[in-house]
Amino acid sequence: MKVLHFGAGNIGRGFIGKTMLQSGFDLTFTDINQNLIDALNYYKKYKVKLVGYNYEKIIDINNFQAVNLNNPEILNIISNVSLITTAIGAISLNKIALILAKGIILKIKLKSKTPLNIIACENKIQASSYLRDIIFKIIPIKYHEYLNENIGFVNCSIDTIIPSISSSFEKNTLSLIAENFKEWIVDKKQFKGTIPKIIDMTISNNLKSFIDRKILTLNTGHAITAYLGWIKNYINIYESIKDQDIKNIVKNAMQESGLTLIKKYNFNQQNHFSYIDKILTRFQNPFLLDKIERIARNPLQKLAKNERLIKPLLLAKKYNLSYFNLIKGIAAALYYRNKNDLESMKIDNLIKTLGIKKTLSQISHLQLDSQEINLIISEYTSINEIFSKKLYN
C-alpha cells in the first residue's frame with residue numbers, strides 16, 4: 001500500500017511514519033520545511049529510541065521517500081496513494097486542504113476507483129471531519145458523489161509523547177527519543193474499501209468516547225501543567241509536574257474532567273482514575289524533557305468552546321460537578337504570554353483592547369456574566385497580582 005504522510009516532525013517521524021513503515025507500506029513524507037526534506041533524502045534513515053521506566057529500545061527507520069509540500073509532484077502522489085495521514089498541527093489543516101483537493105480532483109480525472117482514506121492525526125476533536133468539510137467546500141459539487149463513495153475521512157484519537165529535544169544518542173539530526181506508550185484508535189465506520197492492517201492501530205465503533213477521554217484527560221492535564229509551569233519559570237513538563245502544588249492542581253483538574261466523562265459515557269471510575277495516574281506517571285518520565293513552550297502553544301485553540309479546557313468546565317457545570325481546578329488551568333492559559341507564540345500575543349492585544357471579560361467570552365464563547373467567567377477572571381487577577389513581573393519577560 002502506498003501512503004503519503006503530511007508533516008515530517010516529531011509525531012510524523014517518531015510515530016506515524018515509523019508505524020507505516022513497520023506495517024510494510026510504501027511511505028512518502030511531505031513537509032513545507034525544505035531543510036527537513038533535504039535531510040530525509042540525504043540520510044535516507046533515522047533512529048527512534050523508545051523509552052519508559054526500565055525500558056529502552058532503538059528502532060531503525062528507513063525505506064521512505066520525501067518531497068516538499070510545494071513540489072508539483074505532490075498532486076500525482078495524492079492521486080495514486082491509498083492512505084493519507086497528517087501530523088501537522090490542527091491549525092495547518094486549512095493550509096493543506098487546497099492541495100488535497102487538487103490531488104483528489106486529479107484522481108477523479110484519472111478515473112481512479114481505488115478508495116482513498118485520509119486520517120488527520122491531530123490534537124483536535126474530529127479533525128478528519130473538519131478537514132472533510134473544508135475539502136467539500138473547495139471541490140465542485142459535481143464531484144461530491146465521487147467523494148462520498150471513494151474518499152474516507154477517518155477520525156482518530158492518537159496519544160503518545162515525543163518531545164522537541166535534540167537527539168543525544170545519534171549524529172543523524174532526524175533521530176528521535178519517543179515515549180514507549182502509544183495509542184491510536186480510529187473510527188471503523190468511516191473507512192472506504194478495505195481497512196488497512198496497521199500495527200498499533202485499534203479499530204473502534206465507539207470512537208467519540210475515546211477521543212473525549214484523550215482530549216479531556218491527557219490534553220487537559222498536559223495543557224494545565226504547561227501553563228502553570230510557565231508561570232513558575234519552568235522549562236519542561238517534567239520540571240513542572242515535579243512541583244507538588246502544580247501536580248495537585250493538574251491531578252484534581254483531570255479528575256474533575258474525568259467525572260464528567262464518567263457521567264457522560266458511564267466509564268468505570270476506578271479504571272478512569274487509574275488512567276489519570278498513568279498519565280501523571282508519563283508526565284514525570286525523566287527521559288522525556290518535553291518543553292512547556294511546545295505544549296502551551298496556540299492558546300486560542302486550547303481555549304475554544306469544544307476544546308480541552310473549556311469543554312470539561314461546561315460539562316462539569318451541566319452535570320453540577322466541581323470545576324475549581326479547571327478554573328485555575330483556564331486562568332493560567334489566559335495569562336500565558338510568549339512573544340514567539342502569535343496566538344498568545346493576540347490574546348494579550350484583545351485583553352488590552354476589550355478587557356479580560358469580553359476577551360474570554362469572545363474566544364471561549366462563555367456567557368459574559370456567567371458565574372464561571374467571573375471565577376476565571378478572579379483567578380486570573382490573582383495570578384496577575386502575584387506574577388506580573390513574568391508577564392512580558
Side-chain angles (χ1 to χ4, degrees), residues 1-9 11-33 36-46 48 59-88 92-93 96-122 127-128 131-132 135 139 143 146-156 158 174 184 186-188 190-201 203:
M1 176 181 284
K2 292 183 178 181
V3 181
L4 174 64
H5 177 76
F6 284 79
I11 297 296
R13 300 197 315 279
F15 183 34
I16 305 299
K18 174 178 71 68
T19 299
M20 293 303 167
L21 290 166
Q22 288 179 317
S23 299
F25 298 154
D26 181 352
L27 175 69
T28 299
F29 285 109
T30 186
D31 200 285
I32 196 69
N33 185 332
L36 188 52
I37 295 299
D38 288 343
L40 286 165
N41 286 323
Y42 175 78
Y43 288 109
K44 300 186 184 301
K45 62 180 180 179
Y46 60 90
V48 177
I59 297 174
D60 292 312
I61 307 297
N62 49 40
N63 296 322
F64 52 80
Q65 298 84 43
V67 61
N68 191 287
L69 188 60
N70 292 323
N71 189 321
E73 179 61 22
I74 199 71
L75 301 183
N76 289 323
I77 296 172
I78 292 170
S79 70
N80 280 289
V81 299
S82 300
L83 179 64
I84 291 175
T85 54
T86 81
I88 56 174
S92 296
L93 289 175
I96 69 165
L98 181 59
I99 295 171
L100 284 170
K102 289 180 178 179
I104 291 170
I105 290 173
L106 177 59
K107 179 181 177 71
I108 295 170
K109 290 180 177 180
L110 292 171
K111 298 182 179 181
S112 170
K113 292 295 183 179
T114 303
L116 167 62
N117 290 295
I118 301 173
I119 311 177
C121 306
E122 311 294 346
S128 297
L131 183 58
R132 176 189 185 277
I135 289 175
I139 291 182
Y143 297 136
Y146 180 95
L147 293 178
N148 287 322
E149 291 180 359
N150 298 288
I151 311 297
F153 292 86
V154 184
N155 290 318
C156 77
I158 186 166
L174 295 170
W184 190 9
V186 297
D187 192 331
K188 180 180 181 179
Q190 294 176 316
F191 280 96
K192 302 296 183 183
T194 303
I195 298 176
K197 293 182 179 180
I198 300 173
I199 65 169
D200 298 325
M201 188 178 80
I203 310 297

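Excluded from the calculations below are hydrogen atoms, water molecules and symmetry mates; all remaining heavy atoms, backbone and side chain alike, are included.
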_To the closest 0.5 Å, what do you measure between CD1 (Ile108) and CD1 (Ile139)?_
5.5 Å
*Taking all heavy atoms of Val67 and all of Ile37, pick out the closest pair and write down the distance.*
O-CD1, 3.5 Å
*How long is the span from the CG atom in Asp38 to the CG atom in Asn68, to the nearest 0.5 Å?*
8.5 Å
*Which atoms form the tightest heavy-atom contact between Asn117 and Lys192, and what is the distance?*
OD1-N, 2.8 Å
*Give the minimum heavy-atom separation between Ala120 and Thr86, together with the two atoms involved.*
CA-OG1, 3.2 Å
*Side chains of Ile203 and Val186: does their closest heavy-atom pair fall under 4.5 Å?*
yes
Do any side-chain atoms of residues 11-21 form donor-acceptor pairs under 3.5 angstrom with protein atoms, and if so which ones, sequence neighbours left out?
unit_1 : atom_1 : unit_2 : atom_2 : d
Arg13  : NE     : Leu174 : O      : 3.0
Arg13  : NH1    : Ala8   : O      : 2.7
Arg13  : NH2    : Leu174 : O      : 2.9
Thr19  : OG1    : Phe15  : O      : 2.7

*For Leu116 against Leu83, the heavy-atom pair lying closest together*: CD1-N, 3.8 Å
*Approximate separation, where rounding is to 0.5 Å, of Arg132 CZ and Ile118 CD1*: 10.5 Å
_Before you tell me yes or no, could you show the steps for Ile105 and Tyr146 under side-chain contact (heavy atoms from CB on, under 4.5 Å), namely the whole-Å CA-CA distance, both residues' side-chain angles and the distance that decides it to 0.1 Å?_
CA-CA 10 Å; Ile105 290 173; Tyr146 180 95; over 6 Å; no
_Would you compute the distance between atom CD1 of Ile78 and atom OG1 of Thr30 and round it to the nearest 0.5 angstrom?_
8.0 Å
*Measure the shortest side-chain to side-chain distance between Val3 and Val81 over non-hydrogen atoms and say whether it is less than 4.5 angstrom.*
no
_Working to the nearest 0.5 angstrom, can you tell me the gap between Leu98 CG and Ile135 CD1?_
9.5 Å
_Would you compute the distance between atom CG of Asn148 and atom OH of Tyr143 and round it to the nearest 0.5 angstrom?_
15.5 Å
*Is there side-chain contact between Gln190 and Asn155, with at least one heavy-atom pair below 4.5 Å?*
yes
*Provide the closest heavy-atom pair for Glu122 versus Ile88 in the form atom of the first, atom of the second, distance.*
OE2-N, 2.9 Å
*Would you say Leu100 and Phe6 make side-chain contact, with heavy atoms under 4.5 Å?*
yes
*Between His5 and Phe29, what is the ring plane arrangement, given parallel below 30°, perpendicular above 60°, and tilted in between?*
perpendicular
*Apply side-chain contact (heavy atoms from CB on, under 4.5 Å) to the pair Asn150 and Ile104, showing each step before the final yes or no.*
CA-CA 10 Å; Asn150 298 288; Ile104 291 170; over 6 Å; no
*Sub-4.5 Å side-chain heavy-atom contact between Lys107 and Thr114*: yes
*List the steps and the verdict of side-chain contact (heavy atoms from CB on, under 4.5 Å) for Ile77 and Gln65.*
CA-CA 11 Å; Ile77 296 172; Gln65 298 84 43; over 6 Å; no
*What pair of heavy atoms forms the shortest contact from Leu75 to Ile99, and how long is it?*
CD2-O, 3.5 Å
*Do Cys121 and Trp184 touch side chain to side chain, with heavy atoms closer than 4.5 Å?*
yes
